[in-house]
Amino acid sequence: MPELPEVESARRVLEGALDREIADIDDTDDWVCRPHRPGDIAKALAGGRLTEAHRRGKTMWCETVISDGTAGPRLGIHLGMGGRLIVTGGDGERAGGEPDRPDRSPRKPEWDRFTVSFADGGRLRLFDKRRLGRVRLEPDLDALGPDAEDITPAEFRERITRGRSAVKARLLDQGVLAGVGNLLADETLWQARIRPSKPVDELDAAELDRLYRALERSLAAAVRNGGVHTGEMIGERNADGACPRCGAPMAHGTVGGRSTWWCSAEQA
DNA sequence: ACTCGTGTTAGCTG
DNA sequence: TCAGCTAACACGAG
(Lines give C-alpha, C1' and ligand atoms only; values in the text may rest on other atoms or scores of the structure.)
Protein backbone atom coordinates (compact mmCIF):
# COMPACT_ATOMS: atom_id res chain seq x y z
CA MET A 1 0.00 0.00 0.00
CA PRO A 2 1.20 3.26 -1.13
CA GLU A 3 4.05 5.35 0.10
CA LEU A 4 6.28 7.30 -2.27
CA PRO A 5 7.77 4.29 -4.13
CA GLU A 6 4.38 2.68 -4.76
CA VAL A 7 2.87 5.98 -5.85
CA GLU A 8 5.69 6.48 -8.33
CA SER A 9 4.86 3.11 -9.88
CA ALA A 10 1.19 4.16 -10.06
CA ARG A 11 2.24 7.42 -11.74
CA ARG A 12 3.97 5.45 -14.47
CA VAL A 13 0.76 3.48 -14.97
CA LEU A 14 -1.11 6.77 -15.18
CA GLU A 15 1.05 7.76 -18.16
CA GLY A 16 -0.80 5.07 -20.10
CA ALA A 17 -3.95 7.20 -19.77
CA LEU A 18 -2.45 10.29 -21.39
CA ASP A 19 -3.46 11.80 -24.73
CA ARG A 20 -6.68 9.82 -25.05
CA GLU A 21 -10.02 11.51 -25.57
CA ILE A 22 -12.25 11.44 -22.48
CA ALA A 23 -15.69 10.11 -23.33
CA ASP A 24 -17.19 9.85 -19.86
CA ILE A 25 -16.29 10.16 -16.18
CA ASP A 26 -17.93 8.44 -13.21
CA ASP A 27 -17.38 10.75 -10.25
CA THR A 28 -20.50 9.75 -8.34
CA ASP A 29 -18.63 8.77 -5.17
CA ASP A 30 -19.07 11.98 -3.24
CA TRP A 31 -16.67 10.91 -0.47
CA VAL A 32 -13.74 10.13 -2.76
CA CYS A 33 -14.47 13.18 -4.93
CA ARG A 34 -15.21 15.60 -2.06
CA PRO A 35 -15.65 18.54 -1.96
CA HIS A 36 -16.99 18.29 -5.50
CA ARG A 37 -20.56 17.33 -6.27
CA PRO A 38 -21.25 14.31 -8.49
CA GLY A 39 -20.86 15.44 -12.08
CA ASP A 40 -18.53 18.36 -11.34
CA ILE A 41 -15.38 16.57 -12.46
CA ALA A 42 -17.15 14.95 -15.41
CA LYS A 43 -18.40 18.31 -16.60
CA ALA A 44 -15.00 19.98 -16.17
CA LEU A 45 -13.14 17.41 -18.27
CA ALA A 46 -15.72 16.10 -20.76
CA GLY A 47 -14.26 15.79 -24.24
CA GLY A 48 -10.79 16.72 -23.02
CA ARG A 49 -7.58 14.81 -22.44
CA LEU A 50 -5.06 14.14 -19.70
CA THR A 51 -1.72 15.42 -21.00
CA GLU A 52 0.92 14.94 -18.26
CA ALA A 53 1.19 12.70 -15.17
CA HIS A 54 3.09 14.16 -12.20
CA ARG A 55 3.80 13.18 -8.61
CA ARG A 56 4.91 14.98 -5.47
CA GLY A 57 5.16 12.81 -2.40
CA LYS A 58 2.07 10.62 -2.44
CA THR A 59 -0.04 13.03 -4.48
CA MET A 60 -0.38 12.55 -8.23
CA TRP A 61 -1.94 14.95 -10.66
CA CYS A 62 -2.59 15.25 -14.37
CA GLU A 63 -2.37 18.35 -16.47
CA THR A 64 -5.33 18.46 -18.86
CA VAL A 65 -6.71 20.13 -21.96
CA ILE A 66 -10.43 20.54 -22.56
CA SER A 67 -12.28 19.96 -25.82
CA ASP A 68 -11.33 23.29 -27.40
CA GLY A 69 -7.63 22.51 -26.82
CA THR A 70 -7.03 25.08 -24.07
CA ALA A 71 -5.65 24.16 -20.64
CA GLY A 72 -8.15 22.48 -18.32
CA PRO A 73 -8.11 22.06 -14.54
CA ARG A 74 -5.54 19.80 -12.92
CA LEU A 75 -6.88 16.43 -11.88
CA GLY A 76 -5.45 15.36 -8.49
CA ILE A 77 -5.34 11.70 -7.46
CA HIS A 78 -4.36 10.29 -4.05
CA LEU A 79 -4.33 6.55 -3.41
CA GLY A 80 -4.95 6.75 0.33
CA MET A 81 -3.93 3.58 2.17
CA GLY A 82 -4.79 0.92 -0.37
CA GLY A 83 -5.80 2.50 -3.65
CA ARG A 84 -4.63 1.23 -7.00
CA LEU A 85 -4.75 2.70 -10.48
CA ILE A 86 -5.75 0.42 -13.34
CA VAL A 87 -5.44 1.53 -16.95
CA THR A 88 -6.97 -0.50 -19.77
CA GLY A 89 -7.00 -0.10 -23.52
CA GLY A 90 -4.18 0.55 -25.92
CA ASP A 91 -1.68 -2.16 -25.02
CA GLY A 92 -3.67 -4.16 -22.49
CA GLU A 93 -4.02 -3.65 -18.75
CA ARG A 94 -1.54 -2.13 -16.33
CA ALA A 95 -1.97 -1.56 -12.62
CA GLY A 96 0.05 0.16 -9.92
CA GLY A 97 -0.12 1.53 -6.41
CA GLU A 98 -0.30 -1.61 -4.32
CA PRO A 99 2.32 -4.37 -4.08
CA ASP A 100 1.45 -7.36 -6.23
CA ARG A 101 -0.30 -10.08 -4.37
CA PRO A 102 -2.35 -13.09 -5.39
CA ASP A 103 -5.80 -11.82 -6.24
CA ARG A 104 -7.94 -14.25 -4.37
CA SER A 105 -10.44 -11.78 -2.94
CA PRO A 106 -13.39 -10.79 -5.10
CA ARG A 107 -13.00 -7.53 -7.01
CA LYS A 108 -16.35 -5.95 -6.47
CA PRO A 109 -17.32 -3.37 -9.10
CA GLU A 110 -18.34 -0.96 -6.35
CA TRP A 111 -14.68 -0.79 -5.29
CA ASP A 112 -14.02 1.21 -8.44
CA ARG A 113 -14.34 4.61 -6.83
CA PHE A 114 -13.62 6.79 -9.86
CA THR A 115 -13.52 5.93 -13.55
CA VAL A 116 -12.49 7.80 -16.67
CA SER A 117 -13.75 6.15 -19.86
CA PHE A 118 -11.91 6.99 -23.05
CA ALA A 119 -13.31 7.26 -26.56
CA ASP A 120 -11.06 4.34 -27.60
CA GLY A 121 -12.94 2.03 -25.23
CA GLY A 122 -10.26 1.87 -22.53
CA ARG A 123 -10.53 3.15 -18.98
CA LEU A 124 -8.61 4.62 -16.06
CA ARG A 125 -9.93 3.35 -12.73
CA LEU A 126 -9.18 4.12 -9.10
CA PHE A 127 -9.73 0.76 -7.39
CA ASP A 128 -9.92 1.28 -3.64
CA LYS A 129 -11.63 -1.10 -1.25
CA ARG A 130 -11.30 1.13 1.78
CA ARG A 131 -12.44 4.29 0.06
CA LEU A 132 -9.56 6.31 1.50
CA GLY A 133 -8.33 7.50 -1.87
CA ARG A 134 -9.24 10.88 -3.19
CA VAL A 135 -9.79 12.55 -6.56
CA ARG A 136 -10.19 16.28 -6.95
CA LEU A 137 -9.78 19.17 -9.29
CA GLU A 138 -6.99 21.67 -8.62
CA PRO A 139 -5.34 19.91 -5.65
CA ASP A 140 -3.44 22.23 -3.29
CA LEU A 141 0.13 21.33 -4.19
CA ASP A 142 1.51 24.25 -2.19
CA ALA A 143 0.46 22.45 1.00
CA LEU A 144 3.08 19.80 0.27
CA GLY A 145 6.72 20.06 1.22
CA PRO A 146 9.49 19.10 -1.22
CA ASP A 147 9.43 15.53 -2.49
CA ALA A 148 11.49 13.21 -0.29
CA GLU A 149 13.52 12.12 -3.30
CA ASP A 150 14.53 15.66 -4.26
CA ILE A 151 15.15 17.44 -0.97
CA THR A 152 18.67 18.74 -0.34
CA PRO A 153 20.52 18.09 2.95
CA ALA A 154 20.32 21.77 3.92
CA GLU A 155 16.61 22.01 3.19
CA PHE A 156 16.01 18.75 5.06
CA ARG A 157 17.81 19.99 8.18
CA GLU A 158 16.00 23.31 8.13
CA ARG A 159 12.54 21.74 7.74
CA ILE A 160 12.95 18.79 10.08
CA THR A 161 14.26 20.78 13.00
CA ARG A 162 11.52 23.43 12.99
CA GLY A 163 9.41 23.16 16.15
CA ARG A 164 9.58 20.63 18.95
CA SER A 165 7.62 17.56 17.93
CA ALA A 166 8.80 13.95 17.85
CA VAL A 167 11.10 13.29 14.91
CA LYS A 168 8.83 10.57 13.53
CA ALA A 169 5.82 12.91 13.55
CA ARG A 170 7.91 15.42 11.64
CA LEU A 171 8.99 12.87 9.02
CA LEU A 172 5.33 12.00 8.47
CA ASP A 173 4.25 15.64 8.06
CA GLN A 174 3.58 15.96 4.31
CA GLY A 175 3.84 19.73 4.55
CA VAL A 176 7.42 19.41 5.76
CA LEU A 177 8.53 16.63 3.47
CA ALA A 178 6.28 14.83 0.98
CA GLY A 179 6.24 11.08 0.49
CA VAL A 180 7.27 9.43 3.77
CA GLY A 181 4.64 7.12 5.29
CA ASN A 182 4.52 5.07 8.45
CA LEU A 183 6.69 2.15 7.35
CA LEU A 184 9.30 4.26 5.61
CA ALA A 185 9.55 6.48 8.69
CA ASP A 186 10.20 3.48 10.95
CA GLU A 187 12.72 1.99 8.54
CA THR A 188 14.56 5.31 8.17
CA LEU A 189 14.77 5.93 11.93
CA TRP A 190 15.99 2.38 12.46
CA GLN A 191 18.67 2.81 9.79
CA ALA A 192 19.73 6.07 11.47
CA ARG A 193 19.59 4.55 14.99
CA ILE A 194 17.36 7.35 16.30
CA ARG A 195 14.48 6.90 18.74
CA PRO A 196 11.21 7.83 16.95
CA SER A 197 9.91 9.87 19.89
CA LYS A 198 13.05 12.00 20.16
CA PRO A 199 12.09 15.71 19.93
CA VAL A 200 13.52 17.34 16.81
CA ASP A 201 15.14 20.15 18.80
CA GLU A 202 17.32 17.55 20.55
CA LEU A 203 18.80 16.16 17.34
CA ASP A 204 22.49 17.01 16.95
CA ALA A 205 24.32 17.58 13.66
CA ALA A 206 25.54 13.99 13.45
CA GLU A 207 22.05 12.61 13.97
CA LEU A 208 20.57 14.90 11.32
CA ASP A 209 23.25 13.79 8.92
CA ARG A 210 22.54 10.11 9.63
CA LEU A 211 18.82 10.72 9.27
CA TYR A 212 19.17 12.32 5.85
CA ARG A 213 21.40 9.56 4.56
CA ALA A 214 19.13 6.89 6.03
CA LEU A 215 16.16 8.44 4.24
CA GLU A 216 18.02 8.45 0.93
CA ARG A 217 19.10 4.86 1.48
CA SER A 218 15.75 3.40 2.55
CA LEU A 219 13.94 5.31 -0.20
CA ALA A 220 16.32 4.06 -2.87
CA ALA A 221 16.05 0.50 -1.56
CA ALA A 222 12.24 0.65 -1.54
CA VAL A 223 12.14 1.96 -5.11
CA ARG A 224 14.65 -0.66 -6.24
CA ASN A 225 12.95 -3.57 -4.48
CA GLY A 226 9.40 -2.66 -5.36
CA GLY A 227 7.97 -1.16 -2.20
CA VAL A 228 8.44 0.00 1.37
CA HIS A 229 7.43 -3.42 2.71
CA THR A 230 10.83 -4.70 1.53
CA GLY A 231 12.72 -2.71 4.19
CA GLU A 232 15.27 -4.58 6.31
CA MET A 233 13.53 -3.91 9.60
CA ILE A 234 9.93 -4.01 8.41
CA GLY A 235 9.64 -7.80 8.54
CA GLU A 236 10.50 -7.80 12.24
CA ARG A 237 7.39 -5.95 13.30
CA ASN A 238 5.81 -8.56 15.52
CA ALA A 239 5.78 -9.49 19.18
CA ASP A 240 8.72 -11.90 18.80
CA GLY A 241 10.66 -9.71 16.39
CA ALA A 242 14.35 -9.11 16.99
CA CYS A 243 16.47 -6.29 15.63
CA PRO A 244 18.14 -7.62 12.45
CA ARG A 245 21.36 -5.80 13.41
CA CYS A 246 21.83 -6.49 17.10
CA GLY A 247 19.23 -9.10 18.03
CA ALA A 248 17.65 -7.03 20.81
CA PRO A 249 13.85 -7.19 21.02
CA MET A 250 11.90 -4.75 18.91
CA ALA A 251 9.80 -2.29 20.91
CA HIS A 252 6.31 -1.19 19.92
CA GLY A 253 4.27 1.87 20.78
CA THR A 254 2.47 4.90 19.38
CA VAL A 255 4.36 7.94 18.12
CA GLY A 256 2.71 10.80 16.25
CA GLY A 257 -0.54 8.89 16.51
CA ARG A 258 0.80 5.98 14.46
CA SER A 259 1.87 2.45 15.27
CA THR A 260 5.65 2.48 15.68
CA TRP A 261 8.41 -0.15 15.95
CA TRP A 262 12.00 0.48 17.01
CA CYS A 263 15.01 -1.38 18.38
CA SER A 264 14.90 -1.38 22.18
CA ALA A 265 18.70 -1.22 22.39
CA GLU A 266 20.00 0.86 19.47
CA GLN A 267 17.17 3.40 19.41
CA ALA A 268 16.79 3.81 23.15
C1' DA B 1 -15.90 -11.32 18.38
C1' DC B 2 -12.78 -7.87 18.42
C1' DT B 3 -8.79 -4.93 17.44
C1' DC B 4 -5.69 -2.91 14.36
C1' DG B 5 -3.85 -0.49 10.30
C1' DT B 6 1.65 1.30 4.63
C1' DG B 7 -3.34 7.90 4.87
C1' DT B 8 -5.51 12.36 5.17
C1' DT B 9 -8.14 16.00 7.11
C1' DA B 10 -11.40 18.84 9.90
C1' DG B 11 -12.31 20.07 14.36
C1' DC B 12 -11.15 20.35 19.01
C1' DT B 13 -8.12 20.77 23.33
C1' DG B 14 -4.23 22.10 26.16
C1' DT C 1 0.93 29.03 16.93
C1' DC C 2 2.11 24.57 17.92
C1' DA C 3 1.39 19.75 19.21
C1' DG C 4 -1.55 16.03 20.09
C1' DC C 5 -6.04 13.69 20.01
C1' DT C 6 -10.51 12.04 17.72
C1' DA C 7 -13.61 10.84 14.18
C1' DA C 8 -14.59 9.64 9.53
C1' DC C 9 -13.87 6.63 5.52
C1' DA C 10 -14.53 0.50 4.92
C1' DC C 11 -12.33 -3.60 4.58
C1' DG C 12 -9.02 -7.65 5.49
C1' DA C 13 -5.84 -9.74 8.59
C1' DG C 14 -4.69 -11.66 12.87
Side-chain angles (χ1 to χ4, degrees), chain A residues 1-10 29-35 55-60 76-84 96-114 126-136 139-141 143-145 148 159-190 196-202 218-219 221-223 225-241 252-261:
Chain A
M1 302 177 202
E3 297 191 33
L4 187 156
E6 291 84 358
V7 178
E8 176 55 24
S9 92
D29 189 315
D30 61 356
W31 174 257
V32 167
C33 297
R34 70 192 183 286
R55 177 191 62 76
R56 183 150 166 201
K58 307 173 207 175
T59 296
M60 293 176 278
I77 301 173
H78 198 293
L79 298 176
M81 287 236 279
R84 188 180 178 91
E98 200 176 302
D100 285 337
R101 88 165 71 134
D103 244 345
R104 56 160 96 104
S105 58
R107 288 166 56 153
K108 300 184 187 165
E110 59 267 34
W111 290 341
D112 284 336
R113 307 297 184 179
F114 177 82
L126 171 62
F127 177 82
D128 179 15
K129 286 188 266 207
R130 292 185 57 184
R131 214 181 176 198
L132 295 172
R134 192 159 179 191
V135 177
R136 59 165 311 172
D140 183 8
L141 302 172
L144 295 172
R159 288 177 162 265
I160 287 293
T161 54
R162 208 178 289 160
R164 255 146 280 116
S165 61
V167 59
K168 179 174 176 181
R170 189 51 50 89
L171 284 172
L172 291 174
D173 186 336
Q174 304 300 301
V176 168
L177 178 68
V180 177
N182 199 34
L183 294 197
L184 195 56
D186 278 4
E187 177 73 18
T188 297
L189 288 161
W190 177 79
S197 61
K198 187 159 192 170
V200 290
D201 57 346
E202 293 176 15
S218 48
L219 206 42
V223 169
N225 300 326
V228 291
H229 60 291
T230 59
E232 279 180 63
M233 177 271 259
I234 292 308
E236 306 306 317
R237 297 171 308 146
N238 61 67
D240 308 321
H252 182 246
T254 298
V255 179
R258 307 299 304 278
S259 172
T260 302
W261 294 85

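Residue numbers begin at 1 in each chain, while the letters A, B, ... track the order of the sequences. Please read these numbers as outputs of a predicted model, since none were measured by experiment. Note that these values count all heavy atoms, side chains included, but never hydrogens, waters or copies made by symmetry.
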Side chain to side chain, [X] and [Y], heavy atoms closer than 4.5 Å:
{"X": "A/Arg136", "Y": "A/Cys33", "value": "no"}
{"X": "A/Arg237", "Y": "A/Leu183", "value": "yes"}
{"X": "A/Arg134", "Y": "A/Trp31", "value": "no"}
{"X": "A/Glu6", "Y": "A/His229", "value": "yes"}
{"X": "A/Leu219", "Y": "A/Leu4", "value": "yes"}

- request: State whether A/Gln174 places a side-chain N or O below 4.0 Å from either non-bridging phosphate oxygen (OP1 or OP2) of B/dT8.
  value: yes
- prompt: Hey, does the side chain of A/Trp111 come within less than 4.0 Å of C/dC11's phosphate (OP1/OP2), counting only N and O?
  reply: yes
message: Taking the basic N atoms (NZ, or NE/NH1/NH2) and the acidic carboxylate oxygens, is any pair closer than 4.0 Å for A/Asp186 and A/Lys168?
response: yes
- request: For B/dT3 and C/dA7, measure between their P atoms and round to the nearest Å.
  value: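 Pairwise P distance, B/dT3 against C/dA7, rounds to 13 Å.
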query: Which value, in whole Å, describes the distance between the P atoms of nucleotides C/dC5 and B/dC4?
result: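 It works out to 15 Å between them.
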In this structure, how many angstroms lie between the [atom2] atom of [N] and the [atom1] atom of [X], rounded?
{"X": "A/Arg136", "N": "C/dC9", "atom1": "CZ", "atom2": "P", "result": "19 Å"}
{"X": "A/His78", "N": "B/dG7", "atom1": "NE2", "atom2": "P", "result": "9 Å"}
{"X": "A/Arg34", "N": "C/dA8", "atom1": "CZ", "atom2": "P", "result": "14 Å"}
{"X": "A/Leu132", "N": "C/dG12", "atom1": "CG", "atom2": "C1'", "result": "13 Å"}
{"X": "A/Asp128", "N": "B/dT8", "atom1": "CG", "atom2": "P", "result": "13 Å"}
{"X": "A/Asp186", "N": "B/dG7", "atom1": "CG", "atom2": "C1'", "result": "15 Å"}
{"X": "A/Glu202", "N": "C/dA3", "atom1": "CD", "atom2": "P", "result": "14 Å"}
{"X": "A/Lys168", "N": "B/dG7", "atom1": "NZ", "atom2": "C1'", "result": "13 Å"}

message: Defining pairs by Watson-Crick or G-U wobble geometry with both distances under 3.5 Å, how would you list the stems of DNA chain C with at least three pairs each?
response: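 Ordered by first number, the stems with DNA chain C (at least 3 consecutive pairs each) read B:2-5 with C:11-14, B:7-14 with C:2-9.
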message: Starting the side chain at C-beta, find the nucleotide from C/dG12, B/dT9, B/dT8 nearest to A/Arg134.
response: B/dT9
statement: Per atom distances to the A/Lys58 side chain, the nearest of B/dG7, C/dG4, C/dC11 is B/dG7
message: Looking at every non-hydrogen atom in both residues, tell me the closest pair between A/Lys108 and A/Phe127 and how far apart they are.
response: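 So the two residues come closest at O-CE1, 4.2 Å.
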- request: Go through the structure and list residues passing salt bridge (Lys or Arg N to Asp or Glu O under 4.0 Å) with A/Lys58, not counting sequence neighbours.
  value: none
Pairs under 3.5 angstrom, nitrogen or oxygen only, protein versus nucleotides 2-5 of chain B, please.
from: B/dG5; atom 1: OP1; to: A/Ser259; atom 2: OG; distance (Å): 2.8
from: B/dG5; atom 1: N2; to: A/Arg130; atom 2: NH1; distance (Å): 3.3
from: B/dG5; atom 1: N3; to: A/Arg130; atom 2: NH1; distance (Å): 3.3

- request: Starting at CE of A/Met60, measure out to CD of A/Glu8 and round the result to the nearest 0.5 Å.
  value: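 Here the rounded value is 9.5 Å.
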